[in-house]
Each structure stands twice: as C-alpha cells, then as structure tokens.
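Throughout, protein chains are lettered first and strands after them, A, B, ... in sequence-line order, and every chain is numbered starting at 1.
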2 protein chains.
Amino acid sequence: MPRPRQALLTRDRIVATALALIDADGLAALSTRRLAAALGVQGPSLYNHFATKDAILDAVADSVTATVDTGFFARLDWRAALRRWAWSYREALAAHPNVVPYLAQGPGRRPAALAMADAVYGGLVRAGWPPARATHIGAALRYFVAGSALGSFARGFVEDPELYAAHYPHLTQAHRLAGHQRSVDEGAFALGLDALLHGLAAEYERTVGPLAPLEPIEPSG
Amino acid sequence: MPRPRQALLTRDRIVATALALIDADGLAALSTRRLAAALGVQGPSLYNHFATKDAILDAVADSVTATVDTGFFARLDWRAALRRWAWSYREALAAHPNVVPYLAQGPGRRPAALAMADAVYGGLVRAGWPPARATHIGAALRYFVAGSALGSFARGFVEDPELYAAHYPHLTQAHRLAGHQRSVDEGAFALGLDALLHGLAAEYERTVGPLAPLEPIEPSG
DNA sequence: CCCTCAAACTAGCGGTGTAAGTTTTAGTCC
DNA sequence: GGACTAAAACTTACACCGCTAGTTTGAGGG
C-alpha cells in the first residue's frame, strides 16, 4: 500500500490506541506490531509519526498527566489546593495503573508533567513556603500519589488463604484484600493524605507563620 | 559442555549477578543471555535453576526486601518503629532503584515481602490500631516509600535550563535539581515522613486513645 | 506539469524468552 | 560395583521484538 488518500494514522489515534492496549493488557504487552495491528497497519508505519517506541510511551504518559486538574492552586488555600490536586492526580493515575511505572520516573521533558510541577511549586511558594520546602512538599506528595497508584496495595496480595495462614501469623485475612481492592486503596490514600496535610500544616505554623482559617470542607474521600 | 563436576550456577549466584546487572544497566537491559554470559554460561542454562525470567526477578526483588529491618516493631513505640522501618525500607530500595518498578507491584508470593507486611501489620494492631486502620497505615507508608524510591524526584528533571525557562515560569531553577539529587530526595522524604507520622499521631489520639509519651529522638534524616 | 514530500509498504537484522532434545556427570540402590 | 535416575550444562530452533533501509505511490506546491 502506498500513501493513502486519507492518512490512516495520526499521533492522537496512535496514543489513544496505545493507552487502550496498555490498560487492557499491561505495559509489557504493548509491542509496535501489536499496536500497529490494532490500528490496521503494519508495524514500521508507526515510525512515520514517532521516532521511537519510547516517544509513543512518553506521549501516552503525558496524555494521562494532562487530565490532572492543577487549577486549584490559583483559587484555593494551599491546603485545600494540595488536597484537591492530590485526589485529581491519584484519580488520573489510578484510571491507568499500567502506565504508572513508566510515568512515575519523572517529568522528563513531557509538557503536561512539567506544567503540573510548575503549578504546584508556584502555588506553594506563593502561599509562603520557602522554595526548598516547596520542592520537598511537591516531591513528597508525588511520592505518595505515585506509590499509591503504582502498586495497588490490595491487588498485591493473592487470593489464596493457604499462602498466608502457614507462615504469617498476622496476615490470616490478607487473602480477602484482593476482593476489597478499591475501598482499601482509597481508605489508605485518604488516611495518608489527611495525615500528610495535617503534618504539613503543623510544620507551616512552626516555621512560616500562622495559618489563615480554612473554610470547612468535607473530609477527603 | 555436559554436566560439570562442580555446578557452575547456583540460585544465589544468579540472583546476585542479576541484581548487579540491573543496578548497573537498568531493568530493561537484563536479558537471560546477558545474565548468562556474565555467569560464564549459555542462556538457557538458567532454566535449570529458575522456571522463568520472572522467577529470577522475583528472587532479586525479595533479596532486596530481605535487607529491610522490621525488628523495630518488636521493641519500640509504634511511632518510632514506623519511622525507623520507613527509613530502613527506603534505604533498601534507594540502593537499588532500578528494581523498584518491579518490586513495588506488591508482595505477591515473595517471602521477605510477606514477612515485612506481617511485621508491620502485627505491630500496629498490637499498638491498639483497629485492623482496618492498620492495613491503611501500612499501605500508606508503602505508597510513600515506594514512590520515593521509584522516581527519584530530582533525577526526573533534565539538566537543561532552556527547557524550563521558556514555558514554566516557576521552574527556572529546576535544571539544578539534577545536581542535588540526594539532598532533595532525602529532604522530601524526611519532611513527608515526619508530616505523615505527625498526622497519624493526631488520628490515634482522636480515634483510639491517648498516646504514651515518646522518649525524644533525633529528627528523622 | 513536475517535483518533492509524506505515509504507507516489504524485507531483514540482531536480540529476546523459552521450549525441546542431547550429552555427560553425580549420586543412589541392589 | 554396575545399572538407573536425576541434574546441569549444552545446541538448536521458534516466534516475537524494536528498528533500519529502501520502495511505492498519492498529495500538494511551484
């Protein structure tokens, strides 16, 4: 087939299809030939649109990051903004857990990831945090969110009572975790995030100054 | 070569060599043939000792997890134990960042990972936390530690001032992060961990009961 | 109208995980 | 001690991988 009248591929279509395949079958199952087949095309044709497979993965990762809402920092108290952002970030990653191992290695040169880092850091500095502290806070929250999306804690346990009963006296109920994946992961995230923010507020008062009163909001979750 | 008088391979030697290769060149660069070559052997010989490549990676991951010290839960207050354990855990992972993406997907059936989960969960329940809460706390700390080891925050930024200056007004100094990797990552971890523990202590007092006074310890770091 | 570029193609290279079968040694049982 | 079995190396081979090179032909601009 020579060049077709209507282009068969676009970058957007490649990225969307790649994300769907990764969601369905995992990161390791994405090969250029399989991706191309899903697009009705031969493998090497992808290289007319992306330089390498990694470039495709970068675009996929950035498309996920782009769905995170960072607008809170422009209009909310830093504590409320951090909370909303963290939940939005987590939601974006948890919707595509299979890309998290790739995405979590850092923003690299991906525009959406850099824009997010920019918004968070800028918001914290504007709120009075010293620059070094703002960096630390952004990093700490990224650690927590990425970790929570990476290895769904509950999914990591096997549905096999025998395995745990024998050697791990406190894990006799662990096999039931796999069945409550969502509530366990969300509960752990909510608890950890609230604890983190609570501790950061105390640190703020100790090292920066008094906190503005915060209009009450529903507890995160 | 037929069966040699002295076995050339042992599981331990395979695991140690695999870890060294992963540390040096990354997870993706570990192939069975390269690993075998480093051991002075042909590729398929590995399959006399491990069923699949994944089984080798499991053993590598568990050998890293095995270096985490979980003994604190048996002899320290839960807050102190959590802090020491988290640092030990982080140290173990940060020493081998390239295996973290594999390891962070959950304990699976790896004995050292399960023993660690058992110790943490048991220690928290013994300290008075309700079982569901203990699960959440263990998960939250695992999120934080795994996230911190997975993507060194600082390493994720590129040493290229041009990249940031143009479009990200608050990241004009981001290119310098790559040079301060260790201090940024450790500072973020220390801040986040202390904040988390501070928040958990407050949660304990609110929902479980008064905290025993804690002998003063040096701040984490 | 022609020229160049774009976007598909085919063919193929070196590398991957691993299955299958071979060879020789080590160790066990009568 | 001889026969048998299991172990641990080997070679060969398959299907797949990322990617390069070169080819074809339609699209769009001078």
Side-chain angles (χ1 to χ4, degrees), chain A residues 1-62 98-99 101-103 105 108-110, chain B residues 1-61 98-99 101-103 105 108-109:
Chain A
M1 185 195 302
R3 174 176 188 170
R5 288 138 206 283
Q6 173 74 25
L8 302 180
L9 299 177
T10 63
R11 287 176 64 98
D12 283 351
R13 224 163 75 74
I14 293 172
V15 168
T17 306
L19 179 56
L21 284 181
I22 291 171
D23 284 345
D25 303 323
L27 197 57
L30 185 80
S31 77
T32 56
R33 287 182 239 257
R34 270 171 41 90
L35 172 56
L39 289 159
V41 124
Q42 298 296 322
S45 298
L46 299 172
Y47 291 91
N48 289 313
H49 301 266
F50 287 94
T52 64
K53 184 190 179 185
D54 254 29
I56 299 176
L57 290 176
D58 265 348
V60 169
D62 220 38
N98 292 337
V99 311
Y102 188 87
L103 183 150
Q105 311 204 168
R109 320 181 96 95
R110 285 176 276 128
Chain B
M1 188 196 302
R3 175 175 185 172
R5 287 134 207 288
Q6 174 74 25
L8 302 179
L9 300 177
T10 63
R11 287 176 65 98
D12 283 352
R13 225 163 74 75
I14 293 172
V15 168
T17 307
L19 180 57
L21 284 181
I22 292 171
D23 283 346
D25 303 324
L27 197 57
L30 184 80
S31 77
T32 55
R33 286 182 240 260
R34 270 171 42 90
L35 172 57
L39 290 158
V41 125
Q42 297 296 322
S45 298
L46 299 172
Y47 290 90
N48 289 314
H49 302 267
F50 287 94
T52 63
K53 184 190 178 184
D54 254 28
I56 299 176
L57 290 176
D58 265 349
V60 169
N98 292 337
V99 310
Y102 186 88
L103 181 149
Q105 310 204 170
R109 319 182 95 95

Any donor-acceptor pair under 3.5 Å from B:R13 side chain to B:L8 backbone: yes
side-chain N/O B:S45 vs D:dC10 OP1/OP2, d < 4.0 Å: yes
Side-chain heavy-atom pair B:L57, B:L103 within 4.5 angstrom cut-off: no
Nucleotide nearest A:H49 (side chain, heavy atoms from C-beta), chosen from C:dT18, D:dG18, C:dA7: C:dA7
Shortest side-chain distance from A:P44, nucleotide among D:dA9, D:dG18, C:dA11: C:dA11
Atom-pair distance (CG on A:L46; C1' on D:dC17), nearest Å: 13 Å
Value in whole Å for how far the C1' atom of D:dG22 lies from OH of A:Y47: 17 Å
Minimum-distance nucleotide to A:T32 side chain [options: C:dA8, D:dG18, C:dT18]: D:dG18
Among C:dT10, C:dG12, C:dA8, the nucleotide that comes nearest once only the side chain of A:R33 is considered: C:dG12
Candidates D:dC10, C:dT16, C:dT10 - which lies nearest the side chain of B:R34: C:dT16
Closest-nucleotide 5' rank along DNA chain D - winner of A:A29 and B:N48: B:N48
Short side-chain N/O contact to D:dC16 OP1/OP2 from A:S31, under 4.0 Å: no
Test side chain to side chain contact (heavy atoms under 4.5 Å, CB included) applied to B:V60 and B:L19, B:I14, B:T17, B:L27, the passing residue: B:L19
